[in-house]
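The next block holds one structure in the form of structure tokens; read it before the comments.
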Amino acid sequence: MNPSSKMPQGITTSGTVLPGVRHGRTVALAFGAFALLAAAGFAAPKWLTFLVTMAAGNGLVSLGIVALMRGGVVPFGQGMVFAIGGYSAALLFNKAGFTDAIGLALTGGVLAAAVAAPFAPLLSRYRGIFFAMLTLALSMVTYGLLMKMESLGGSDGFNLGRPTLLGMKLPDASTGYVMYLVTTGFATVMALVARVYFDSTRGLVTLAVRENELRVEYLGGSVRQAMSINFIFAAFCGGLGGALVVMSLGHVEPTFSFWTTSGEFVFVAILAGWQSVAAVFVASTVLEVVRSFSSAYFPNTWQLALGLFLLFVIRFLPRGIGSLWMKGSGK
Amino acid sequence: MAGLITILIDGITYASWLFIVALGLTLVFGVLKILNIAHGSFYALGAYAAASFVGWAASMKWAPGLSLVAMLLAAVAVAALVAPLTERGLLRFFYGRDEVLLVLVTYAMFLIMEDVTKLVWGANPYYVSEPYSLFGNVDVGKQSYVGYDFALVGLAAVVGSAVWWGLNRTRIGKIVTVVIHSSEIAASMGINVSRVYMGAFAVGIFLAAIGGAFTAPMISVQPGVSVGVIIVSFAVVIIGGLGSIEGAAVGALIVGLARSIAVHTAPVAELFSIYIVMAIVLMFRPEGLFQRIQARKI
Amino acid sequence: QETFKVGIVSFLSGQAAESFGIPAVNGAKILVDAFNKGAAPAPYNKPGFGGMKIEAVYVDENGGATKQVQELKNLYDREKVDVVVGYVSSGDCLAVAPAAEEMKKFLILYDCGTPRIFEENKFNYVFRTASHGAMDNVALARYLKAKGIKADTFNLINQDYAWGHDSKKDFVWSMEKLFPAAKPGEDQLPKFGAGQYGTEISALMNKPADITHSSLWGGDLQAFILQAGPRGLFKKTQVVLSAADHVLPGLGEKMPDGTILGARGAYGLMSPKSALNDWWWDLYSKAYNVYPVQAPYRMAQSLLGLKLAAEKAIAANGGKKPSPEQLAAALRNSEWDSPAGRIRMANGGGHQAVQETAIGKTRYDAAKKMVMLDDIMRFPADCVNPPPNMKAEEWIKAGFPGAKGCP
Amino acid sequence: MLKIEGIHVAIQGVVALRGLSLTVGDGQMVGLIGRNGAGKTTTLRAVMGHLTPSQGRITFDGQDLATLPRHDRAARGIGYMPEDRGLVPELTVEENILVPVWVNQGLNADERLALVWRVLPELKEMKDRRALLLSGGQQKLVALARALAVGTRLLLLDEPFEGVAPALSKRLGEVIAGLKGTAVSVLIAQSDLNHSRKLVDSEFVIERGANVLAQPA
Amino acid sequence: MSARVMLEAAGLEKRFGAVVAASAINVQITAGERVSLIGSNGAGKTTFVNMITGYLKPDSGRITLGGRDITPLDPRAITRLGVARSFQIPQLFGDLTALDNMLVANACHDQRLSFFQPARRREAIDRAELLLERFGLHEHRHRRVAELPGGVRKLLDIAMALTTAPQLLLLDEPTSGVSAEEKFPMMDTIMAALGQEKATTVLFVEHDMDIVAQHASRVIAFYAGRIIADDVPAKALATDDVRRYVTGELVNE
Ligand SMILES: Nc1ncnc2c1ncn2[C@@H]1O[C@H](COP(=O)(O)OP(=O)(O)OP(=O)(O)O)[C@@H](O)[C@H]1O
Ligand SMILES: Nc1ncnc2c1ncn2[C@@H]1O[C@H](COP(=O)(O)OP(=O)(O)OP(=O)(O)O)[C@@H](O)[C@H]1O
Ligand SMILES: [Mg+2]
Ligand SMILES: [Mg+2]
């Protein structure tokens with residue numbers, strides 16, 4: 001008798017996927033989620049759509065961090081790519097007169113990835129806290145440079161106007177909603193891309209790298225290649241997020257690249273956990289909501305409130321918010 | 001020539017307080033595997049406590065020289081009070097978790113302490129400037145230095161050697177080494193692991209606090225003093241190699257000198273000097289200058 | 001009864017809390033209280049805003065521009081405030097102004113210093129009720145000139161961010177015009193929040209100059225004074241500080257005598273004598289046991305201006321709460337008396353205030369146990385602010401055309 | 001002297017022991033035999049306090065061990081040789097052996113060291129080498145020596161012969177056999193009966209975390 | 001069988017400080033051989049394996065694989081040339097399930113990784129499960145390997161090494177940590193699994209002389225970094241040096 005037939009059916013097939021089938025389901029899920037978001041955003045008050053827009057933009061950066069976290073490293077300098085995305089979109093807008101929201105977002109992502117690419121092979125040698133700190137150093141150098149660039153407004157940064165969409169000017173009243181759609185749309189697409197990537201053979205190898213690099217090398221896999229690719233992917237996500245945030249915010253400044261900004265992205269990534277991509281955006285939104293309400297209701301002690309909240313989450317959801325619904329993988 | 005001496009003196013005096021603070025950071029990381037963002041908050045606590053203690057000492061009519069003792073006491077008090085509270089009350093629930101997760105725990109601690117110090121001491125500035133004039137001035141060429149700055153260099157040397165000696169030359173040091181390696185093995189050997197954690201954490205806090213206490217005379221103690229020191233002391237321990245005392249010393253000197261060279265020769269570069277040094281060092285030594293011995297894996 | 005809701009944003013934590021944020025908020029609290037009681041002197045003596053009770057919501061400015069934009073939207077949209085008064089940081093001002101404009105909501109910037117806001121943009125709903133930073137350094141240079149202080153060489157130490165850079169440039173350009181022969185020497189740029197200035201002080205002492213200029217503020221300034229004082233820097237060179245009045249009450253005898261400083265307006269010890277100022281001075285001193293320095297003054301002048309504008313708009317709206325447009329129309333180009341003198345919304349298309357300022361020289365008065373300011377010289381608004389049609393930079397570089405009433 | 005009564009232990013939700021019982025009498029040498037994953041290591045770690053039983057009791061000299069902090073076992077004379085050796089790589093061989101002696105008052109360092117060098121003379125030559133430089137088998141010897149240094153009453157040896165070359169495993173066998181008749185009791189966890197059969201007074205065979213049978217050898 | 005030399009180590013030297021871990025090591029391995037490496041603890045067996053697989057670089061000497069100099073290559077490059085190894089201490093992906101561990105091995109073996117193709121797809125799983133079953137690991141396949149008992153992990157480690165279908169396989173103490181009654185079946189399993197891949201050359205480090213006698217066609221004995229015997233098992237195990245230093249049958253004087 002075939003031993004596998006002795007196993008309960010659920011176990012044999014859990015975690016196994018047939019090609020195409022799962023992807024189809026994921027795509028459908030993503031579309032459903034986006035449709036829901038679009039409808040909800042239409043009905044929600046402006047402050048909430050703006051909050052979610054920001055959360056989605058920031059969440060993109062954290063999504064990139066999650067990709068790196070799956071490989072066992074955490075960048076403490078994603079503010080750098082966030083700033084690169086933001087500044088390039090803003091500059092393109094102001095200096096070149098290119099105003100299309102989607103085009104600007106993509107440019108932000110691509111440029112950030114292009115800037116990150118030469119560093120990728122170098123950074124792929126680093127692990128643990130040293131990776132974190134080297135990325136931090138890079139982002140702080142970027143921060144310093146931006147502070148010095150008086151043509152870019154120095155530490156005060158500068159503003160940009162309202163983007164257009166596919167050649168259309170956006171009316172006052174609906175700009176917020178349109179940017180909300182664009183941002184959550186990009187977030188959905190990137191979440192989808194990330195899901196497919198994480199589930200791919202390459203994605204699995206990334207997980208293996210986190211667990212035991214030596215063995216991956218001894219199986220013939222390239223650790224440095226895996227790390228480099230993740231780094232570039234994360235940079236793209238970060239740049240995309242930066243560009244989207246800047247368009248909604250209408251303003252860009254060097255603090256985008258400051259270590260506390262990077263720290264918050266990491267925080268969201270940890271809060272989310274590395275298993276679920278949707279969790280990243282949920283976590284990002286939760287953080288914004290908590291921060292916004294605590295700063296409204298405890299103006300003098302909002303940091304205390306936020307700190308307690310963070311401790312609470314880390315204590316009781318050590319594997320992140322995603323672990324609430326992703327029970328399957330890992331322990 | 002005179003310029004060179006100035007650069008050296010400035011670099012070394014800057015390095016001295018930085019070393020004391022970074023030493024605590026590296027020690028806590030070495031033993032508890034926690035890269036403590038809240039270290040800056042303990043530094044601030046030390047400064048606030050020093051303000052309170054020195055003020056109290058003055059009101060008790062202590063001799064001015066004793067204000068140094070008051071500052072020392074302040075640091076001891078912070079360590080004795082805060083270490084049990086944070087280590088027993090908070091950190092021990094997170095031992096063994098991922099390094100990065102622990103960084104976030106300490107980030108949360110940092111946020112909380114920011115507001116707590118504000119609630120305790122208010123937002124008004126405190127000054128502890130009496131001790132600053134205790135050692136008079138020292139003239140070197142065109143420059144007049146405050147003797148206190150040199151006293152700090154002495155303090156750094158004393159504190160650094162004491163900690164180094166304690167860890168490398170005493171039984172306690174060996175015991176700490178065992179705990180660093182594995183708490184399970186340590187407990188099996190009969191070592192009271194929580195006591196070692198507690199002790200190391202208390203010493204770490206003490207070092208941060210004493211750094212803050214002895215810097216207090218040169219600054220105005222007020223909200224926000226914690227933020228500035230965090231990143232610089234991080235840079236120091238990363239350059240030196242995490243968990244290494246020698247590393248913290250060399251790292252502090254490198255940072256101090258790099259900064260001093262930048263300020264004297266190219267002030268515009270001061271903002272990045274530290275990060276550039278850090279990036280360069282990591283480029284050639286991916287784990288800092290003094291790397292930890294790795295156990296054989298295969 | 002209808003209430004008038006005001007969102008007040010300033011630093012309640014972080015490095016700017018002690019020097020600017022909290023004193024300003026403290027000032028706002030007693031002033032709102034006095035307004036609601038109808039206790040302010042005429043013409044500010046109507047209770048609340050035209051009879052409507054003022055309800056203030058306070059928000060911490062700490063946390064970066066992104067957060068500020070978000071909180072601004074929350075204030076308008078969720079908390080339903082009628083106006084927002086706030087922002088110390090220039091970066092925050094630049095970021096929130098377009099957001100308020102886009103939402104068509106009324107916003108008053110009460111403190112931030114960058115001239116760029118109304119020089120680079122045109123806003124309908126955004127106002128700044130204080131002069132921008134150019135005034136401070138123009139006044140400093142003019143003071144040196146007027147007092148005939150030797151200034152053949154000058155050193156600079158300013159924080160490495162926009163405020164420091166702008167202040168430094170304004171001062172250097174002003175010196176170029178007023179002291180064409182003066183040569184700049186050291187140009188130190190410590191980072192914001194550095195705390196330790198030993199190295200910078202050595203550099204400044206290595207190349208001593210007649211004048212040492214600084215726009216440091218808050219904890220950074222205090223640390224710099226505490227460290228530079230004992231090393232004799234203040235004896236070797238005439239130190240001039242563009243925004244330093246707020247450290248005087250705290251530093252006391254540790255503030256070296258003979259330091260020339262400004263307050264970014266005629267504030268605190270340099271405020272002009274007037275009934276309104278006496279009332280305000282007493283109100284604040286009684287409440288907080290310390291006299292008001294620049295931050296609460298600047299908050300007060302914005303709330304006073306807002307009060308008159310609101311009342312004018314309420315009247316125009318038939319006693320009902322006015323729309324943001326009506327509020328804006330009332331404040332635009334208006335003028336009012338503040339404890340620091342007359343505020344005129346003369347620049348930036350009626351959205352940017354100009355005001356007078358003053359510079360003085362420190363002297364510790366052992367009997368009163370406080371630092372006094374001597375040799376105070378006042379500069380009318382038109383002497384130290386650019387005319388409406390000119391950007392600050394152009395104006396200074398062109399040699400202050402149209403400056404009027406300079407002492 | 002050591003008495004385990006029906007303990008249940010779960011590691012991160014995985015039940016590893018279900019009702020295991022065993023006794024080690026004074027001066028006895030006892031084998032704990034089981035295949036891979038039977039729960040041998042888990043049993044020893046539970047005795048050392050690294051895992052807490054959800055049910056059952058472990059007593060040592062009549063004292064319930066659950067009430068004691070982890071580090072108290074060594075003070076009571078229990079020496080433990082973990083499966084993976086657990087040496088401290090930065091310390092020398094001698095320091096590895098001595099640290100537990102230092103922290104436990106009542107042990108005389110010279111005496112214990114002399115005992116170790118007598119029983120395992122080959123270690124004396126490498127006493128100043130750092131533990132990280134030793135090969136796997138050499139580390140086994142040091143781990144045994146370290147357990148001996150504190151184990152005045154009871155030694156818990158987890159797979160002492162594993163990965164040891166025949167010549168050395170013979171030595172180890174001799175050393176362990178040499179403990180017979182002394183006051184020290186020994187509990188050896190082994191999957192391999194070959195080495196221990198001759199040594200032990202009694203053995204407990206376990207499978208999937210529970211006793212299969214207990215028999216005097 | 002053609003006497004093709006597949007692996008040659010010539011004049012390998014390796015020191016760690018004062019410790020000589022390899023000295024004048026000269027070995028030629030012919031394709032298809034089953035070589036057992038024996039020796040006392042610390043003799044240099046693992047060091048030898050580490051040098052062959054590129055983890056350690058010899059201080060001097062040369063290693064060639066099928067005539068090609070592999071001395072300067074890193075482990076990955078050498079693996080890609082068809083060399084696989086298992087480890088004395090199993091090197092696994094602790095947080096992943098046994099099946100996922102095998103899937104990683106599978107994936108790494110593919111020359112090109114895909115961003116799109118799901119890792120857990122049917123044919124990959126089938127392939128992995130086949131091998132798991134051959135090693136008797138089937139029942140453990142959905143457990144996190146960190147939770148698995150030592151012996152099982154050892155087997156999994158070897159199974160992963162085999163996934164890459166190597167022409168040269170180095171096993172470092174495959175049976176240590178495996179319970180006694182399973183040692184022989186396990187070696188049989190491994191050898192049987194190998195039999196299916198045609199003519200894999202195997203080097204295995206082993207302390208159990210019975211296993212050596214049964215499974216090796218040749219024995220290389222190490223002592224203090226040197227080779228003290230290199231012959232067919234019966235002869236090698238009978239030499240004085242081996243009996244003194246390895247099996248301990250002759251007592252050291
Ligand atoms: N860290 C862990 N997490 C979860 N389960 C574990 C862990 N360690 C061990 N187990 C489980 O506990 C059971 C007993 O393991 P244990 O290590 O005690 O066996 P053992 O008898 O010592 O085996 P071996 O001879 O392989 O060392 C096993 O089924 C194992 O899966
Ligand atoms: N990375 C290293 N650093 C320092 N010394 C080492 C290192 N690797 C091995 N050695 C030393 O080299 C010698 C040979 O070690 P090796 O691991 O090759 O022995 P082995 O024959 O595999 O022994 P065992 O059977 O115990 O595993 C030992 O003395 C060991 O201490
Ligand atoms: Mg075991
Ligand atoms: Mg070996």
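Quick note on labels: first sequence line is chain A, next is B, and so on, each numbered from 1.
For chain D, the nearby parts of B:S183 are the backbone and the side chain; heavy atoms of each come within less than 4.5 Å. With a threshold of 4.5 angstrom between heavy atoms, D:L87 approaches chain B through N, CA, C or O but not through any side-chain atom. D:R146 touches chain B through its side chain: at least one heavy atom from C-beta onward sits under 4.5 Å away, while N, CA, C and O do not. Interface remark: B:S182 contributes no atoms to any contact with chain D (heavy atom separation under 4.5 Å). For B:I191, the parts lying under 4.5 angstrom from a heavy atom of chain D are both the backbone and the side chain.
Remark: B:R195 CZ is loosely packed, at most 12 non-hydrogen atoms of other residues, nucleotides or ligands lying under 6.0 Å away. Within a 6.0 Å radius of CD in D:Q105, other residues, nucleotides and ligands contribute 12 heavy atoms or fewer. By the neighbour-count criterion of 12 heavy atoms within 6.0 Å, atom NZ of D:K124 is sparsely surrounded, having that number or fewer from other residues, nucleotides or ligands. Annotation for D:K3: atom NZ does not count as buried by contact number, only 12 or fewer foreign heavy atoms lying within 6.0 Å. In this structure, D:R208 places its CZ atom where only 12 or fewer heavy-atom neighbours from other residues, nucleotides or ligands lie under 6.0 Å away. Within a 6.0 Å radius of CG in D:L68, more than 12 heavy atoms belonging to other residues, nucleotides or ligands are found.
Side-chain N or O atoms of D:N104 include one that pairs as donor or acceptor with a backbone N or O of B:M189 at under 3.5 Å.
Contact between B:T177 and D:V88 at its shortest, heavy atoms only, is O-CG1, 4.0 Å. Between B:I185 and D:P82, the shortest heavy-atom distance links the atoms CD1-CG, 3.8 Å.
Looking at B:N192 and D:P69, their side chains never come closer than 4.5 Å, going by heavy atoms from C-beta outward.
Checking B:S188 against D:H71 by side-chain atom types alone, no donor-acceptor pair falls below 3.5 Å.
Once rounded to the nearest 0.5 Å, the distance linking NZ of B:K174 with CG of D:N96 reads 10.5 Å.
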With salt bridge (charged side-chain N to carboxylate O under 4.0 Å, His left out) as the test, would you mind laying out the steps for B:E184 and D:R70 before giving the verdict? CA-CA 9 Å; B:E184 182 164 328; D:R70 282 203 289 182; 5.2 Å; no
